[in-house]
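The structure under discussion appears below in the form of structure tokens.
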Amino acid sequence: MASDKPSPWGALKHSTFRWLWLASIASNIGTWMHEVGAGWLMTSLSANPMHVALVQVAGSAPMFLLALPAGAMADIVDKRRYLLGVQLWMAAVATLLAVLTLLGLTTVWLLLGMTLAMGVGTALMMPAWSALTPELVSKRDLPSAIALSSLGINVARALGPAIAGVLVSLSGPWATFALNALSFFAVMAVLLTWKRERQVATFPAERLLGAMRAGWRYSRASKPLQSVLVRAAAFFVGASAGMSLLPLIVRGELQGSASDFGLMLGSVGVGAVLGATLLPRIRERISSDRLVLLASLLYALVLLALASLRHFAALLPVMLLSGAAWIAVLSSLQVAAQTSVPDWVRARALSIYILVFFGSMAAGGALWGFVASQGSISLALFAAAGCLALGGLLTSRFPLPVTEAEDLAPSLHWPAPILADEADLERGPVMVTLHYDIAPEHASAFRQAMSEVARMRRRNGAFSWGLVQSSENPRHWQEFFFDESWLEHLRHHGRVTRAEQRIEAAARQFQSAGVAIRIDHFLMPGKQVPEHSDIQHAHGQP
């Protein structure tokens, strides 16, 4: 039966994924080279710890404004063309920064501004890129694809800083920016050759604002996704201190060179690659929840070592451990986020995860940079270690989701609703009511089961939900929920998953035997409704 197990390399048999994976490694090498060059250039322009930490803040801050719009765009437009445009933007920004640095025109605020522009590109790209993976591989090979993507990022993390350290020593930071610009063209070349299958749309594409609202409602009503977000924030706020303050430790306190800084970051990457190769065996022995907790505590020890040790050789193995701990947490959270959401909202849900990731990194970078500038680097690292350990322990009660792919497949068990007269699809809002007959002895269990139904309705598009009991007949319960329009209600039909079908069945088991659940649809009056009619309704299933 061993041959039935999915191969860890199975995703590479899909040619488009394979070439995009290789191109993304080249691009990520360029990105890491760019970050090393930017961090080192800032230490040359200013010795203020706040300025150095702001490099990370500038790269992460655009996620606050752009993550959710970018996720909505990725769900409603052609991902291939969208990604091509974003890659071109980032190549242009990197090229401009290389030219300005070569000419000696880069200042502290100009560097921060260009880093911010690069962060805008990253913010626009990441939700679409993350949601692209399920289109490139089969469901069976999706875990392999996610693991390989994480591995590729950390191979780049091992090579990029080391190459950047040599380049900065030989020719200056401008060369890292120039090579980063070239690396984007590798991704563009693969995207141009990808013959993406066009999917026939059943309904008109969602509008941007409506898609953003749907994504936000989903994230507010999805407990599995919320658990991932809480665990991510608890780790990345504290862990951000290591990367944001590392340039100051190497250059200021170790009196190291650019090559030393690159070697230090390369050690982080090597540790991540080694950790990634061990993760499958570790996951066979412990759960993802326990793995994230232990890796968080290990990273807290890494921060304590960074605060205490001031010998370059002693810190290299510490950075190896930091890479292993980082990839253990990052991989576990990414797999949980990627596999806990259905296709229709994947990019939007992942954009919320990415927002939390970058927001935590930005907030943490600013916080620990401020503490270091007001006190000392060691004080900031000690405080970050305590924050990380405490956060890991406190959030361990939020279990990471384990979701089967089939659970997220559309159930399609709701029959199409009946509309008496032809109407504008944008007409709304739509109120759906469901009438239940529940025996008094089952009322408490029914109400508890309906709380999960409420989350299900909101996840799939309802902007309001309620459950009421008749004052005249205690057995008569009425559920109601609102969708924004008739079109949104039709979309709601296609979003219900097989797992949610079971949630619905768990509540309906308390319905009295032999009594049908009556379901009505109500539309707000439109221009085509006669004056004597206040509400038009149609009978059917929701």
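Reckoned from all heavy atoms, side chains included, excluding hydrogens, waters and symmetry mates.
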**Study point:** Stepwise side-chain contact (heavy atoms from CB on, under 4.5 Å) test for F357 and Q334
**Key:** CA-CA 11 Å; F357 171 79; Q334 284 181 339; over 6 Å; no
Review point. Where is the tightest heavy-atom contact between L333 and A232, given as atom of each residue plus distance?
Key: CD1-CA, 3.7 Å
Check your understanding: Which of these, E479, Q511, Q478, sits in a side-chain hydrogen bond (donor to acceptor under 3.5 Å, both in side chains) with Y436?
Key -> E479
Point to revise | side-chain contact (heavy atoms from CB on, under 4.5 Å) evaluation trace for F481 with H492 | key: CA-CA 12 Å; F481 64 91; H492 194 152; 3.8 Å; yes
Exercise for review: Determine the minimum heavy-atom distance between G392 and L293, stating which atoms define it.
Suggested key: O-CD1, 3.4 Å
Check your understanding: CG/L132 to CE/M125 distance, rounded to the nearest 0.5 angstrom?
Key -> 11.0 Å
Point to revise | With Q509 via side chain to side chain contact (heavy atoms under 4.5 Å, CB included) - residues at least two apart | key: A506
Check your understanding: Which word best sums up how the rings of H489 and H521 line up, parallel for under 30°, tilted for 30 to 60°, or perpendicular for over 60°?
Key -> perpendicular
**Study point:** Shortest non-hydrogen contact between M188 and L88, atoms and distance
**Key:** SD-N, 3.9 Å
Practice item. Please check if the side chain of W194 supplies one atom and the backbone of F17 the other of a donor-acceptor pair under 3.5 Å. Key: no
Exercise for review: Determine the minimum heavy-atom distance between S351 and P127, stating which atoms define it.
Suggested key: CB-CG, 3.8 Å
Exercise for review: State the CD1-OG1 distance between I354 and T122, to the nearest 0.5 angstrom.
Suggested key: 10.5 Å
Point to revise | Atom CH2 of W19 with >12 non-hydrogen neighbours under 6.0 angstrom | key: no
Review point. With a distance cut-off below 6.0 Å to the six-membered ring centre and an angular limit of 45° from the axis, does R495 pair with W344 as a cation-pi contact?
Key: yes
Review point. Which distance, rounded to the nearest 0.5 Å, do you find between the CD1 of I76 and the CZ of R207?
Key: 10.5 Å
Check your understanding: When you look at CD of Q469, are more than 12 heavy atoms from neighbouring residues, nucleotides or ligands closer to it than 6.0 Å?
Key -> yes
Check your understanding: Within the side chain of S396, is there an N or O that forms a donor-acceptor pair under 3.5 Å with the backbone of L393?
Key -> yes
Review point. Can the ring centroids of Y82 and W129 be said to lie less than 6.0 angstrom from one another?
Key: no
Review point. So, does T193 use its side chain to make a donor-acceptor pair with the main chain of V190 at under 3.5 Å?
Key: yes
Review point. Would you call L97 and H34 a side-chain contact if the rule is heavy atoms closer than 4.5 Å?
Key: yes
Check your understanding: Quick one: does H413's side chain get under 4.5 Å of V496's, heavy atoms only?
Key -> yes
Practice item. Quick one: sort the W326 and Y299 rings into parallel, tilted or perpendicular, breaks at 30° and 60°. Key: tilted
Check your understanding: Can you tell if the side chain of R346 reaches within under 4.5 Å of the side chain of Q338, non-hydrogen atoms only?
Key -> yes
Point to revise | Distance, nearest 0.5 Å, that separates NZ of K79 from CG of L136 | key: 10.0 Å
Review point. Checking S24 side chain against W21 main chain: does a donor-acceptor pair fall under 3.5 Å?
Key: yes
Exercise for review: Give a yes or no answer on whether the side chain of E426 reaches the backbone of S485 with a donor-acceptor pair at less than 3.5 Å.
Suggested key: no
Study note, to complete from the structure: All heavy atoms of V237 vs all of C387, minimum pair found to be CG1-SG, 4.4 Å
Check your understanding: Do F184 and W89 have ring centres separated by under 6.0 Å?
Key -> no
Check your understanding: Any side-chain heavy atom of M243 within less than 4.5 Å of one from E35?
Key -> no
Check your understanding: Taking E500 for the side chain and T497 for the main chain, is one N or O donor matched with an acceptor at less than 3.5 Å?
Key -> yes
Exercise for review: Calculate, to the nearest 0.5 Å, the distance between atoms CZ and CG belonging to F480 and L467 respectively.
Suggested key: 8.0 Å
Check your understanding: Could you walk me through whether F235 and V292 pass the side-chain contact (heavy atoms from CB on, under 4.5 Å) check?
Key -> CA-CA 9 Å; F235 177 78; V292 169; 5.9 Å; no
Review point. Is atom CZ of R447 surrounded by more than 12 heavy atoms (other residues, nucleotides or ligands) closer than 6.0 Å?
Key: no
Check your understanding: What residues, two or more places apart in sequence or in another chain, satisfy side chain to side chain contact (heavy atoms under 4.5 Å, CB included) together with R290?
Key -> I286, S287, L294
Review point. More than 12 foreign heavy atoms under 6.0 Å from CZ of F463: is that the case here?
Key: yes
Point to revise | Donor-acceptor contact below 3.5 Å, side chain D75 vs main chain R348 | key: yes
Review point. Tell me, do P342 and V345 make a side-chain contact under 4.5 Å, heavy atoms counted?
Key: yes
Review point. Could you go step by step and tell me if M73 and L124 meet the side-chain contact (heavy atoms from CB on, under 4.5 Å) rule?
Key: CA-CA 9 Å; M73 286 289 291; L124 294 174; over 6 Å; no
Point to revise | Separation between CZ of R427 and CG of L487, rounded to the nearest 0.5 Å | key: 14.0 Å
Review point. Could R231 and D289 be called an ion pair, given the rule that one side-chain N must be under 4.0 Å from one carboxylate O?
Key: yes
What donor-acceptor contacts under 3.5 angstrom involve side-chain atoms of residues 215-224, with partners at least two apart or in another chain?
from	atom 1	to	atom 2	distance (Å)
R217	NH2	E484	OE2	2.5
S219	OG	W216	O	2.8
S222	OG	L225	N	3.4

**Study point:** Side-chain touch R457/E504, heavy atoms, less than 4.5 angstrom
**Key:** yes
Revision key, fill the gap. What one should report as the nearest heavy-atom pair of S27 and N180 is O-OD1, 4.1 Å
Point to revise | Test item: L229 and L355 side chains (from C-beta on) under 4.5 Å apart, heavy atoms | key: no
